[in-house]
Amino acid sequence: MSGFFVESWSLDFACPILVSMSSPTIVWFRQDLRLHDNAALAAALEQARNIVPLYIWAPEEEKDRPVGGASKWWLHHALADLAQQLQHYSLRLIIRQGPTEKALREVAKETGALRIYWNRRYEPQTIQRDSRLKSQLQDDGFAVESFNSSLLVEPWRVAKQGGGPYKVYTPYSKEVLSHPLPDPVQVPVETAIGPNKWPASLELEQLALLPKIPWDRGFYDAWNPTRKGGIERMQRFVERDAAHYEQQRNLPGEDGTSRLSPYLHHGQLGPREVVAALGKRAEKGGGHTFLKELIWREFGYHILYHFPKTPRESLNERFREFPWVDDPKSLQAWQKGQTGYPIVDAGMRQLWQTGWMHNRVRMVVGSLLVKHLLIGWQEGEAWFWDTLVDADLASNVLGWQWVAGSGADAAPYFRIFNPMTQAEKFDPEGAYIRRWVPELAKLPNKYLQAPWTAPANVLEYAGVELGEHYPWPIIDHRKGRQRALDAFERVKKGNR
Ligand SMILES: Cc1cc2nc3c(=O)[nH]c(=O)nc-3n(C[C@H](O)[C@H](O)[C@H](O)COP(=O)(O)OP(=O)(O)OC[C@H]3O[C@@H](n4cnc5c(N)ncnc54)[C@H](O)[C@@H]3O)c2cc1C
């Protein structure tokens with residue numbers, strides 16, 4: 001049988017314990033930092049009007065990956081915004097520090113709450129922690145329920161004909177799209193009231209999420225990390241850009257993609273809301289292509305859930321012993337956007353300065369690291385994790401294993417992006433390179449993708465001295481390509 005599993009996952013079962021209707025419900029916010037389309041909040045309000053909105057900062061429990069630097073920046077602003085939205089309804093966001101179980105029990109005791117509701121997360125070790133928490137709290141008489149507010153289809157609801165998880169995107173997406181997608185959940189948030197007495201809360205600043213060294217200045221120009229910022233982007237995208245998405249989405253110099261990824265990761269927007277905003281546009285053309293990108297996000301969670309070791313090891317076991325090169329100097333040049341390949345350096349600098357990089361360029365920079373430089377995909381994944389505002393375990397691991405050729409539905413090992421032809425094709429006028437690598441701005445288009453091919457007088461006129469203002473290529477493209485092909489060929493043969 002193919003199709004959605006009909007059984008509800010055990011964590012979904014309503015607890016039979018009867019609780020007093022006047023006791024408040026703790027709504028534990030995590031990666032669902034919104035009041036709309038929030039299933040846990042809606043369910044809490046069905047039970048009783050009193051709620052205690054709670055956020056717990058427990059980085060030591062984030063065993064899959066502690067939240068990275070750029071994501072912490074986003075989280076700070078998202079929490080501030082959530083607190084402000086709650087204030088609009090005369091509610092508060094209670095902030096506590098972990099351990100989570102202790103914080104939940106303390107807040108429950110202080111407010112008389114007997115119900116604790118949350119929306120599910122899907123990182124392997126978080127699932128284990130949450131399941132443990134749930135049964136311990138239930139054993140002590142709390143009514144604990146969890147819900148879905150992050151995904152269109154939870155990972156265990158889709159299976160291949162004959163059973164088992166999908167490893168290939170196209171049949172997975174066909175299966176997902178052959179069923180109606182869920183509507184947003186209505187939340188009567190205006191009916192909510194607080195507990196009889198509000199418990200104490202930490203100040204957001206006490207979590208120290210913002211950087212001490214101000215590397216985040218560019219982030220403020222690039223983003224409005226609030227729910228309102230996300231709604232504005234979503235509306236602009238569906239009304240203006242979705243129609244051109246197919247033509248524009250691969251052009252990093254254009255503002256042609258939605259840039260909704262950080263809002264989706266932190267849950268300021270939910271995918272159900274995005275699908276609803278697309279409406280009929282999702283049926284064809286650019287809107288449909290965009291919907292299929294959203295399904296890649298779902299596919300990432302499907303893979304992560306069914307293959308929980310993929311954040312650490314290659315899905316394709318042939319890659320597990322791959323002799324990646326230990327080369328800290330090249331890794332650092334890549335991280336700093338100093339590889340001498342302009343499209344790669346533009347991407348790495350966009351990442352550093354704004355916390356985001358265009359998807360096409362993520363693939364190109366990843367390919368240079370993993371293939372030309374033979375540095376393990378885990379190094380790239382770790383750097384992205386720390387520097388992306390949309391760092392998301394499922395999508396990041398999926399993306400990196402795709403680039404390396406070791407993952408689900410991955411690029412074949414012999415697909416080695418040529419950074420020059422990628423730039424010619426997708427940044428033909430050089431708008432992207434000129435913006436992020438300004439020291440090359442005066443070079444004519446003809447030499448912009450490969451400054452080392454420019455004649456001396458052209459370089460001089462553009463004010464570029466290679467090795468002085470801009471590096472020589474870190475590795476010769478043809479040599480790097482051949483070295484990668486040889487190394488990957490050995491993997492293919494299983495002969496290392
Ligand atoms: C090496 C690598 C690492 C990546 N790491 C992350 C990550 O940590 N977090 C993250 O959200 N995305 C990641 N991606 C996927 C993709 O690059 C981003 O989702 C996309 O660039 C976000 O920009 P956007 O919102 O404008 O995308 P749009 O083109 O507007 O797409 C809409 C939404 O669809 C989803 N989506 C699009 N492409 C993908 C994809 N390939 N995989 C999964 N979801 C996708 C995202 O949620 C995105 O917001 C990675 C890709 C690669 C190649």
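All ligand and atom numbering here is 1-based and tracks the order in the structure.
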**Report entry** Atom indices of ligand 1, in the order listed, that fall short of 4.0 Å to a heavy atom of L264
**Finding:** 47 (O), 49 (O)

Requested in this report: Could you tell me if any non-hydrogen atom of W385 lies under 4.0 Å from any atom of ligand 1?
Outcome: no

Query raised in the report: Taking both backbone and side-chain atoms of R259, is any N or O found less than 3.5 Å from an N or O belonging to ligand 1?
Result: yes

Query raised in the report: What residue and heavy atom of the protein are closest to atom 35 (C) of ligand 1, and at what distance?
Result: E293 O, 3.4 Å

Query raised in the report: If you count the atoms of ligand 1 from 1 in the order shown, which ones are under 4.0 Å from a heavy atom of Y245?
Result: 28 (P), 29 (O), 31 (O)

Report task. Run the numbers for me: atoms of ligand 1, each under 4.0 Å from some heavy atom of S261, listed by number. Result -> 11 (O), 22 (C), 23 (O), 25 (O), 49 (O)

Report summary line: the protein heavy atom lying closest to atom 40 (C) of ligand 1 turns out to be W296 CB, 3.9 Å

Report summary line: At under 4.0 Å between heavy atoms, what of A391 touches ligand 1? The answer is backbone

Report task. Of all the heavy-atom pairs spanning V403 and S367, show the shortest one and how long it is. Result -> CG1-N, 3.4 Å

Report task. Taking S149 for its side chain and A39 for its backbone only, find out whether a donor-acceptor pair lies under 3.5 Å. Result -> yes

Report summary line: Residue, atom and distance of the protein heavy atom nearest atom 2 (C) of ligand 1 read G399 CA, 3.7 Å

Report task. Go through ligand 1 atom by atom and flag the ones less than 4.0 Å from a non-hydrogen atom of L294. Result -> 33 (C), 34 (O)

Query raised in the report: What are the atoms of ligand 1, with element, lying closer than 4.0 Å to any heavy atom of W356?
Result: 22 (C), 23 (O), 26 (O)

Requested in this report: Identify the heavy atoms of I375 and D327 that sit nearest to each other, and give their distance.
Outcome: CD1-O, 3.8 Å

Report task. Provide, to 0.1 Å, the distance between atom 17 (O) of ligand 1 and the closest protein heavy atom, together with that atom's residue and name. Result -> N359 OD1, 2.7 Å

Query raised in the report: In the protein, what heavy atom is nearest to atom 9 (N) of ligand 1, and what distance, to one decimal place, separates them?
Result: D390 O, 2.8 Å

Query raised in the report: What protein heavy atom is closest to atom 13 (C) of ligand 1, reported as residue, atom name and distance in Å?
Result: R362 NH1, 3.3 Å

Query - Heteroatom distance test (M363, ligand 1): nitrogen or oxygen, under 3.5 angstrom - result: no

**Report entry** Sub-6.0 Å ring centroid separation between F219 and H77
**Finding:** no

Query raised in the report: Looking only at protein heavy atoms, which one is nearest to atom 47 (O) of ligand 1, and how far off is it?
Result: R297 CD, 3.3 Å

Requested in this report: Using a 4.0 Å heavy-atom cut-off, say whether F384 meets ligand 1 through its side chain, its backbone, both or neither.
Outcome: side chain

Query raised in the report: What about the rings of Y172 and F299, do their centers lie closer together than 6.0 Å?
Result: yes

Requested in this report: Kindly give the heavy-atom pair with the smallest separation between P124 and L393, and that separation in Å.
Outcome: CD-CD2, 4.2 Å

Query raised in the report: What is the distance from atom NE2 of H288 to atom CD of E283, rounded to the nearest 0.5 Å?
Result: 9.5 Å

**Report entry** From L251 atom CG to H244 atom NE2, the distance as rounded to the nearest 0.5 Å
**Finding:** 12.5 Å

Report task. Determine the minimum heavy-atom distance between R312 and Q378, stating which atoms define it. Result -> O-NE2, 3.2 Å

Requested in this report: Have a look at ligand 1 and work out which part of F237, if any, has a heavy atom under 4.0 Å from it: side chain, backbone, both or neither.
Outcome: neither

**Report entry** Exam field: side chain S71 to backbone L388, donor-acceptor pair closer than 3.5 Å
**Finding:** yes

Query raised in the report: Which residue and non-hydrogen atom of the protein lie closest to atom 12 (N) of ligand 1, and at what distance in Å?
Result: S395 CB, 3.5 Å

Report task. Provide the number and element of each atom of ligand 1 under 4.0 Å from a heavy atom of D392. Result -> 7 (C), 8 (O), 9 (N)

Query raised in the report: In Å and rounded to the nearest 0.5 Å, what is the CD1 to CG distance from I343 to L448?
Result: 9.0 Å

Query raised in the report: Do Q422 and R360 have side-chain N/O donor and acceptor atoms under 3.5 Å apart?
Result: yes

